[in-house]
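One structure below.
Computed from heavy atoms alone, side chains included, the values below leave out hydrogens, waters and symmetry copies.
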Amino acid sequence: MDITSIRDSYDAVADVYAQGFTADLASKPLDRAMLAAFAEQVPEDGPVADVGCGPAQVACFLADLGVPVLGLDVSPGMVEAARARRPSLDVRVGSMLDLPLGDAELAGVVAFYSLIHLQIEERPLAYAEFARVLRPGGLVLAAFHAGQEVRHRSSWFDRPVALDFFALCPEEVAEGLASAGFTVEATLTRGPYPGEADTERGYLLARRLQ
């Protein structure tokens, strides 16, 4: 699986995905709590990027908390859905492996369930990009399926796709971020909420070293 497959797959389901996940956070209190903690602690000297933003449910949540936020997604279809949901939101097409942002441009990065599509050799590139675009002291909040399982989808919402979903070990994510110049400040795991896929979820909050 490559970026083209990810882009094309999410383009194929963008409209129905947006309908199903727009209110996603309403039933996930721990997700909201982690995002609120991130919003409270992120430096106020720059914007935050929601990387792999999809229909922008996370970006909108942060914006409603007063965080200056922009959305990035590799799928133009998802970017269109996000713009339709919140026309005032700055949403751009872009890959986390080559973020369309300048060095030290951001105060924070949120990656909610977007690292899960990266191959193991791609993840250090993403962590390095997070470090590049963050100012010293900036925060990363990552959320992901926790574990070692790989699930493949060839159909989603009754539409053909080609997507791999990689569960990630929290310790490996922490090590990868540390290697890129971060220190982990908090970790959390939880079981699935009703209606979710039957996997554990992991969350890591990490700060860019000076």
Side-chain angles (χ1 to χ4, degrees), residues 1-25 27-28 31 49-60 70-85 89 91-101 109-130 133 140-170 172-173 176-177 180 191-193 195-204:
M1 190 179 70
D2 56 19
I3 292 297
T4 300
S5 297
I6 298 170
R7 180 197 65 204
D8 292 348
S9 294
Y10 276 100
D11 278 349
V13 301
D15 57 340
V16 288
Y17 184 101
Q19 293 172 14
F21 287 89
T22 294
D24 193 36
L25 289 171
S27 60
K28 299 181 179 181
D31 294 54
D50 177 9
V51 178
C53 66
Q57 66 270 37
V58 168
C60 289
L70 60 94
L72 293 166
D73 202 284
V74 73
S75 161
M78 286 295 185
V79 168
E80 183 179 343
R83 289 172 175 166
R85 177 181 182 178
L89 189 67
V91 191
R92 313 171 190 176
V93 176
S95 165
M96 71 176 69
L97 300 179
D98 186 17
L99 291 168
L101 298 165
V109 169
V110 173
F112 257 48
Y113 304 101
S114 48
L115 293 169
I116 61 173
H117 293 306
L118 297 182
Q119 302 288 333
I120 188 170
E121 66 273 12
E122 294 175 322
R123 293 168 204 158
L125 302 177
Y127 304 146
E129 275 293 274
F130 295 169
V133 300
V140 167
L141 176 60
F144 47 89
H145 298 280
Q148 297 182 322
E149 185 180 6
V150 181
R151 297 187 182 186
H152 179 79
R153 279 188 180 270
S154 56
S155 177
W156 203 8
F157 299 107
D158 295 321
R159 298 179 184 179
V161 297
L163 281 174
D164 290 327
F165 295 78
F166 294 90
L168 309 178
C169 293
E172 292 180 3
V173 178
L177 288 169
Y193 288 127
E196 287 188 321
D198 59 342
T199 65
E200 282 196 336
R201 269 55 173 189
Y203 307 82
L204 263 72

Under 6.0 Å from the CD atom of Glu121, do we count more than 12 heavy atoms belonging to anything else shown? yes
Side chain to side chain, [X] and [Y], heavy atoms closer than 4.5 Å:
{"X": "Val150", "Y": "His152", "result": "no"}
{"X": "Pro55", "Y": "Gln19", "result": "no"}
{"X": "Cys53", "Y": "Met78", "result": "no"}

Identify, with sequence neighbours excluded, every residue that meets side chain to side chain donor-acceptor pair (under 3.5 Å) alongside [X].
{"X": "Glu80", "result": "none"}
{"X": "Asp8", "result": "none"}
{"X": "Arg151", "result": "Glu149, Asp198"}

Got a sec, which residues hit salt bridge (charged side-chain N to carboxylate O under 4.0 Å, His left out) with Asp15, two or more places apart in sequence or on another chain? Arg159
[Y] backbone acceptor or donor facing [X] side chain under 3.5 Å:
{"X": "Arg83", "Y": "Val91", "result": "yes"}
{"X": "Ser5", "Y": "Ala162", "result": "no"}
{"X": "Asp73", "Y": "Gly54", "result": "yes"}
{"X": "Glu200", "Y": "Ala146", "result": "no"}

Can you tell which of Leu118, Leu72, Val109, Val74 makes a side chain to side chain contact (heavy atoms under 4.5 Å, CB included) with Met96? Leu118
The single option from Leu177, Leu168, Val173 that satisfies side chain to side chain contact (heavy atoms under 4.5 Å, CB included) with Arg123 is Leu168
Mind checking what makes side-chain contact (heavy atoms from CB on, under 4.5 Å) contact with Leu125, not counting sequence neighbours? Leu97
Got a sec, which residues hit side-chain contact (heavy atoms from CB on, under 4.5 Å) with Ala142, two or more places apart in sequence or on another chain? Leu115, Phe144
Near-ring test Phe165/His117, centroid separation under 6.0 angstrom: yes
Determine the sole option in Tyr113, Trp156, Phe157 for which the ring pair (Phe, Tyr, Trp, His ring centres under 6.0 Å) test with Tyr10 is passed. Trp156
Rounding to 0.5 Å, atoms CD1 (Ile3) and CZ (Arg7) come to a distance of 9.5 Å
